[in-house]
Number of protein chains: 2
Amino acid sequence: MDKIDSKLLRLLQQDASRTNPELAAEVGLSPSSCLRRIRRLHEAGVIDRIVAILNPAKAGRTMKAIITVELERHGEQYIRRFLDMATREPAVIQAYSVSGETDAILMLRLKDMDELDALTERLFREETNVARYYTAFVIRTGKETTEIPVG
Amino acid sequence: MDKIDSKLLRLLQQDASRTNPELAAEVGLSPSSCLRRIRRLHEAGVIDRIVAILNPAKAGRTMKAIITVELERHGEQYIRRFLDMATREPAVIQAYSVSGETDAILMLRLKDMDELDALTERLFREETNVARYYTAFVIRTGKETTEIPVG
DNA sequence: ACTTCTGTGCAATAAAATTGCATGGCGGCG
DNA sequence: CGCCGCCATGCAATTTTATTGCACAGAAGT
């Protein structure tokens, strides 16, 4: 993981559609060497995967909501059960168990209110062990990146 | 946006490193047609970008934290100012202004506690107009996808 | 029924990815 | 201090993929 690797990671996190010769030129290597480094980063698991990021509005998912959840019983197995249930929902794009007052935080990507209604109905009925939950709607997105600082 | 487009979007959201001939076979099209569809999705902005997703642990950013923020003065311009400031922090990977009790929610990707300390020092000093903030550390990640449900 | 538009497959061409091989730098060891 | 081995690099050859022109077929509209 030298300087060149870091630069490659930064570039690929910003735009992985670039061709190898382009990347090679950017970091000052020959295409073959550059390719081998990228492959090595893949194999080492530093690069987990390459994905397409959609424009939510144009993909028909305009609403975003963040729900903080407090459970009734806080045992590890209960939290796990709730997280598993939340994870199965396609609209849930992030699901975490967290420290502090709240037990879990969910990030949702929704089409409309009806979808939220149906989802909360499924996740927060009595037998799901949820004591309280707070729904916050995203008004403005200041930043939303998949980029992790490297180096 | 027919069935084939949706399938392409699903596939590309899961793995955009696939070659065009592979994708074409998956959706039952010739490579050239498939490529043209993908290009069209790009041009239409449905596909925003192609990025590499790193393994946070292997990239040296193991900690994740979520901070909910309440501002002292809630005016639009204050919220905007705070969001802008948060956005400039590389460790902040998501920054939203939200409805409800809290004004903003930040998602952080951190190397260690020192980094968090330094960051809170910068973001939550007196003149930043923050009344209260709650830091929740992510204990377990149940789900974390960039995939938006399509179709 | 005719025209038009749009998407498709095929084939040719250009570009990129992949691999073998030889070279050179760098660190460890004698 | 010099020798040896290791690893990354660049070059070149080969395979694979991306790209584009072209003609055709189906759907929609006139």
Side-chain angles (χ1 to χ4, degrees), chain A residues 1-62 111 145-151, chain B residues 1-62 111 145-151:
Chain A
M1 270 289 275
D2 59 4
K3 208 158 188 171
I4 294 182
D5 281 337
S6 297
K7 188 164 185 182
L8 277 175
L9 290 177
R10 271 194 297 278
L11 290 171
L12 289 173
Q13 283 192 102
Q14 287 163 10
D15 179 6
S17 72
R18 243 175 293 210
T19 65
N20 188 44
E22 283 173 353
L23 287 169
E26 290 246 28
V27 301
L29 279 182
S30 71
S32 58
S33 275
C34 182
L35 187 67
R36 271 185 279 248
R37 274 175 182 267
I38 294 174
R39 188 184 307 161
R40 196 153 40 80
L41 290 169
H42 256 110
E43 285 164 359
V46 181
I47 297 177
D48 184 53
R49 60 193 195 278
I50 308 292
V51 301
I53 304 293
L54 305 192
N55 180 322
K58 302 210 170 154
R61 289 290 148 100
T62 50
K111 184 158 44 186
T145 180
T146 55
E147 199 173 343
I148 297 174
V150 177
Chain B
M1 269 289 272
D2 59 4
K3 207 158 187 171
I4 294 182
D5 281 337
S6 297
K7 188 164 183 180
L8 278 175
L9 289 177
R10 272 194 297 277
L11 291 171
L12 288 173
Q13 284 192 100
Q14 287 163 11
D15 179 5
S17 71
R18 244 176 292 212
T19 66
N20 188 45
E22 283 173 351
L23 287 170
E26 291 244 30
V27 301
L29 280 182
S30 72
S32 58
S33 275
C34 183
L35 186 67
R36 270 186 280 248
R37 275 176 181 266
I38 294 173
R39 188 185 308 160
R40 195 153 43 81
L41 289 168
H42 256 109
E43 284 165 0
V46 180
I47 297 176
D48 184 52
R49 59 193 197 278
I50 308 291
V51 302
I53 304 293
L54 303 192
N55 180 322
K58 302 207 171 156
R61 287 291 149 103
T62 51
K111 186 157 42 186
T145 180
T146 54
E147 198 174 342
I148 297 175
V150 177

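Below, chains carry the letters A, B, ... as their sequence lines are ordered, and counting in each starts from 1.
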Step-by-step side-chain contact (heavy atoms from CB on, under 4.5 Å) determination, A:Thr145 to A:Gln13: CA-CA 9 Å; A:Thr145 180; A:Gln13 283 192 102; over 6 Å; no
Would you call B:Lys3 and B:Val27 a side-chain contact if the rule is heavy atoms closer than 4.5 Å? no
Starting at atom CG of B:Leu29, determine the distance to atom C1' of C:dT6, rounded to an integer number of angstrom. 14 Å
For A:Arg49, is there an ion pair with B:Asp15 - N to carboxylate O distance below 4.0 angstrom? no
Heavy-atom check, side chain of A:Val150 versus side chain of A:Met1, under 4.5 Å: yes
Does the side chain of B:Leu12 reach to within under 4.5 Å of the side chain of B:Leu23, using non-hydrogen atoms? yes
First contact, last contact: which nucleotides of DNA chain D are these for chain A, 5' to 3', heavy-atom distance under 4.0 Å? D:dA8 to D:dC11
Is the backbone of A:Asp48 close enough, under 3.5 Å, to the side chain of B:Asn55 for a donor and an acceptor to pair up by distance? no
Nearest heavy-atom neighbours spanning B:Ala52 and A:Ile47: CB-CG2, 4.3 Å
side-chain contact (heavy atoms from CB on, under 4.5 Å) for A:Ile50 and A:His42? Distances and angles first, verdict last. CA-CA 10 Å; A:Ile50 308 292; A:His42 256 110; 4.1 Å; yes
For nucleotides 12-24 of chain C, 5' to 3', base contacts (B), sugar-phosphate-only contacts (S) and non-contacts (-) with protein non-hydrogen atoms under 4.0 Å give ----SSBBB----
